[in-house]
Amino acid sequence: MTEYKKPSDVMEAVGVSGVLSAGLRWHVVGEGLAWAEFDKPADAVRFTMTKKGKGRKFAVMAFTPGEEFSGVVYLTNVKRGLDAGQVVSEGQLLDLYHGQEEKPAAKTEENKPAKKAAKDTGVTVVTLDHKMLHIKPAKKEAEKQAAKKAVKTNPATTGLQFGPALVSDKEGKITISSLLHAGKAFASRTVPAEFSARFKKYSADNRLLLYLQGGPDLGPVSTYRGWLKQGRQVSKGQHGLKILAPRMVIKEDGTKAIDGLRLVTLFSVDQTELASQEA
């Protein structure tokens with residue numbers, strides 16, 4: 001993995017789960033090192049549960065190719081030592097993250113015809129630091145990745161039992177502290193793109209919390225009052241899913257300000273019934 005010399009202002013993000021589905025333009029500058037620039041510096045706050053990351057201009061991702069839980073994302077205002085590199089799509093960066101590229105070809109004259117043939121057959125060839133990383137056609141590779149993600153997110157194959165226990169403290173309670181701890185503990189777990197797409201209205205960190213509690217098959221969610229507005233009632237005895245939201249206060253001058261975090265309880269559609277069914 002290419003060494004990254006962290007600037008003094010660098011801040012480690014909570015996780016990489018939402019970074020690879022945030023629509024950023026990535027530049028790969030070495031083996032296991034890539035960076036992207038935010039459209040707006042304020043966008044950086046989406047990748048951290050604290051306000052410290054707000055205003056950072058760049059996201060730097062360091063990882064060991066092929067090791068799923070090795071990824072770390074840093075937020076910084078300094079791009080020192082990071083050149084333009086090779087621009088890749090999020091899908092291609094995901095391939096590099098999971099180590100899906102083929103073995104780099106030797107740098108010889110004999111490989112020139114092979115490079116030409118690769119282009120003719122529709123295989124994308126990305127040249128990086130004098131190495132050819134062959135990335136398979138998008139459609140076939142997407143299908144392959146989807147199948148692998150299905151295995152990786154299956155509790156039977158990973159040992160991960162989705163549910164509230166993953167975000168609870170030692171006493172079995174879900175608190176702001178326990179949610180923050182869970183976000184850091186599972187920061188390197190990649191939330192499936194299909195799951196992220198279904199819950200895109202939530203931040204990357206809250207998508208991870210929903211994923212840990214509800215699993216990959218979690219249905220639509222809403223608050224208790226939100227379901228009432230949709231003509232549905234939360235069934236008796238149901239325990240909701242917990243996420244975090246800014247706690248707003250009104251200052252003396254009448255303006256609103258963020259003062260920490262608060263718990264928000266959501267319920268999945270499977271935990272509700274039509275309001276008309278209520279006796």
Side-chain angles (χ1 to χ4, degrees), residues 1-7 10-13 15-44 46-47 53 55-68 70-105 107 111-112 114-146 149 188 190-193 196-197 200 204:
M1 183 174 70
T2 304
E3 181 182 0
Y4 173 55
K5 297 181 179 179
K6 297 189 289 291
V10 76
M11 175 185 177
E12 184 173 334
V16 303
S17 57
V19 176
L20 293 182
S21 59
L24 298 178
R25 182 183 177 88
W26 287 95
H27 302 254
V28 179
V29 295
E31 184 178 2
L33 185 63
W35 66 271
E37 184 175 3
F38 294 109
D39 292 334
K40 300 177 182 178
D43 291 344
R46 293 184 300 164
F47 303 107
R56 299 296 200 275
K57 296 179 181 179
F58 304 100
V60 180
M61 181 174 174
F63 59 95
T64 301
E67 294 185 14
E68 183 181 2
S70 65
V72 179
V73 176
Y74 301 102
L75 304 177
T76 179
N77 283 321
V78 181
K79 194 165 68 69
R80 182 177 65 249
L82 301 175
D83 55 31
Q86 172 67 49
V87 178
V88 298
S89 67
E90 289 179 335
Q92 290 174 324
L93 182 58
L94 189 62
D95 288 335
L96 298 177
Y97 180 54
H98 290 297
Q100 296 302 313
E101 76 278 7
E102 296 179 7
K103 184 178 180 180
K107 186 180 177 183
N111 283 328
K112 288 186 177 180
K115 182 177 181 181
K116 178 68 165 54
K119 291 183 177 180
D120 292 342
T121 54
V123 177
T124 303
V125 179
V126 180
T127 303
L128 173 62
D129 290 344
H130 307 296
K131 297 179 180 180
M132 288 203 306
L133 303 179
H134 297 262
I135 300 177
K136 297 181 180 180
K139 185 176 180 180
K140 291 183 178 179
E141 185 60 20
E143 294 174 350
K144 182 177 179 181
Q145 287 298 320
K149 283 181 181 179
S188 58
T190 302
V191 175
S196 294
K200 60 183 179 181

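Scope of the values below: all heavy atoms of this structure, side chains included, with no hydrogens, waters or symmetry mates.
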- prompt: Under 30°, 30 to 60°, or over 60°: which ring-plane class applies to W35 and H27, parallel, tilted or perpendicular?
  reply: parallel
- prompt: Nearest 0.5 Å, what's the CG-CZ distance between L75 and F58?
  reply: 12.0 Å
statement: Between V88 and V28 the two heavy atoms that sit nearest each other are CG2-CG2, 3.6 Å
